[in-house]
Amino acid sequence: MSYSRRRFLAGAGVLALAGLPACAVLARSENIGGVRYGMVHDETRCIGCTACVDACREANLVAEGVSRLSIIRSEPVGDFPDVKYRFFRHSCQHCDRAPCVAVCPTGASFRDAATGIIDVNPDLCVGCQYCIVACPWRVRFIHPVSRTADKCDFCRKTRLKEGRQPACVEVCPTRALTFGNLDDPQSEVSKLIAGQTTYRYKLALGTLPKLYRVPFRYGEVKQ
Ligand code: SF4
Ligand code: SF4
Ligand code: SF4
């Protein structure tokens, strides 16, 4: 299939999404595993070191030229030498109502029943790019080697399988990342969300992202 044809089909996928009945989206978004993993990125703790980006690449063998996770630095805030930056985590939000799952024609893009994690089965992926166009956060890409869709899977197939935390969480030197079961009120991540002011990016789109953020407060960076 030519690249231009792929792009045309990808565009058609977005139109198809717009016309989907709500039940088609909801049916694939129910939590049926008892565990619903989510994450908090505390922007008041993040120093933009990008150790998380490197750890992700190493743990998940992410190819050069593509990335599952990036940290976006804001413009400087304040006057020298008292300059601060806001660091924004750019990665999959693991939406409970994931449009990338709803548009996938083969079932390759799916919601894992045991964890609530949105993932991709490369064996079923035909590289049509519907999911890439449907994702409002632009976090998916075509893997340059496998030619299938790829993105953050919260290390489901690597670290979680070994009973560990996602690589980005383990490596973060300031403990800016917290990961765990959102449906367990006693989990660290649930307590953090209950006790802190948090926000979710593009919440108004109704996809119910599971990546929460403690907002950076200008001029008040917590050490
Ligand atoms: S490793 Fe932690 S402090 Fe460093 S950029 Fe990532 S989230 Fe921020
Ligand atoms: S952020 Fe994008 S890729 Fe991730 S679950 Fe949501 S729509 Fe899918
Ligand atoms: S690129 Fe793969 S995962 Fe994405 S919609 Fe097409 S078949 Fe599904």
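First listed ligand is number 1; within each ligand, the first listed atom is number 1. Both backbone and side-chain heavy atoms feed into the values below; hydrogens, waters and symmetry mates do not.
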| Going by heavy atoms in the side chains, are Arg89 and Leu211 under 4.5 Å from each other? | yes
| Taking everything shown except Tyr201 itself, do over 12 heavy atoms lie less than 6.0 Å from its OH? | no
| remark: Heavy atoms of Val83 and Pro76 approach each other most closely as CG1-CB, 3.4 Å
| remark: Here the atoms of ligand 2 under 4.0 Å from any heavy atom belonging to Gln93 are 1 (S), 4 (Fe)
| Could you go step by step and tell me if Tyr199 and Tyr212 meet the ring-ring contact (aromatic ring centres under 6.0 Å, His included) rule? | CA-CA 6 Å; Tyr199 75 100; Tyr212 292 74; 9.7 Å; no
| request: Please report the shortest heavy-atom distance between Thr50 and Ile71, naming the atom on each side. | output: CG2-CB, 4.3 Å
| remark: Tested for salt bridge (Lys or Arg N to Asp or Glu O under 4.0 Å) against Asp150, the lone hit among Arg68, Arg140, Lys157 is Arg68
| request: Please name the residue in the list Asp153, Asp119, Asp96 that meets the salt bridge (Lys or Arg N to Asp or Glu O under 4.0 Å) test with Arg111. | output: Asp96
| field | Heavy atoms from other residues, nucleotides or ligands near CZ of Arg175 exceed 12 (cutoff 6.0 Å) | value | no
| note | Given a cut-off of 2.8 Å, the protein N, O or S atoms lying below it from atom 4 (Fe) of ligand 1 are Cys49 SG
| request: Could you go through the ring-ring contact (aromatic ring centres under 6.0 Å, His included) check for Tyr37 and His94 one step at a time? | output: CA-CA 9 Å; Tyr37 283 130; His94 294 281; 9.9 Å; no
| message | Heavy-atom pairs closer than 4.0 Å: do any link ligand 1 to the side chain of His41, the backbone, both, or neither? | response | side chain
| task | Output, in order, the C-alpha distance, side-chain angles, deciding distance and verdict of side chain to side chain donor-acceptor pair (under 3.5 Å) for Ser67 and Ser70. | result | CA-CA 7 Å; Ser67 182; Ser70 57; 5.3 Å; no
| request: Mark up the atoms of ligand 2 that fall under 4.0 Å of a heavy atom belonging to Pro99, in ascending order. | output: 7 (S)
| said: I'd like the residue list for ligand 3, meaning every protein residue with a non-hydrogen atom under 4.0 Å from the ligand. | reply: Cys104, Pro105, Thr106, Ala108, Ser109, Cys125, Val126, Gly127, Cys128, Gln129, Tyr130, Cys131, Ala149
| query | Near Trp137, which atoms of ligand 2 are under 4.0 Å from a heavy atom of that residue? | reply | 1 (S)
| field | Shortest non-hydrogen separation from Ile118 to Cys95 and the atoms involved | value | CD1-O, 3.5 Å
| task | Using a strict 4.0 Å cut-off to heavy atoms of Ile118, name the atoms of ligand 2 that fall inside it. | result | 5 (S)
| query | Taking C-beta and beyond as the side chain, do Lys84 and Phe216 meet within less than 4.5 Å on heavy atoms? | reply | yes
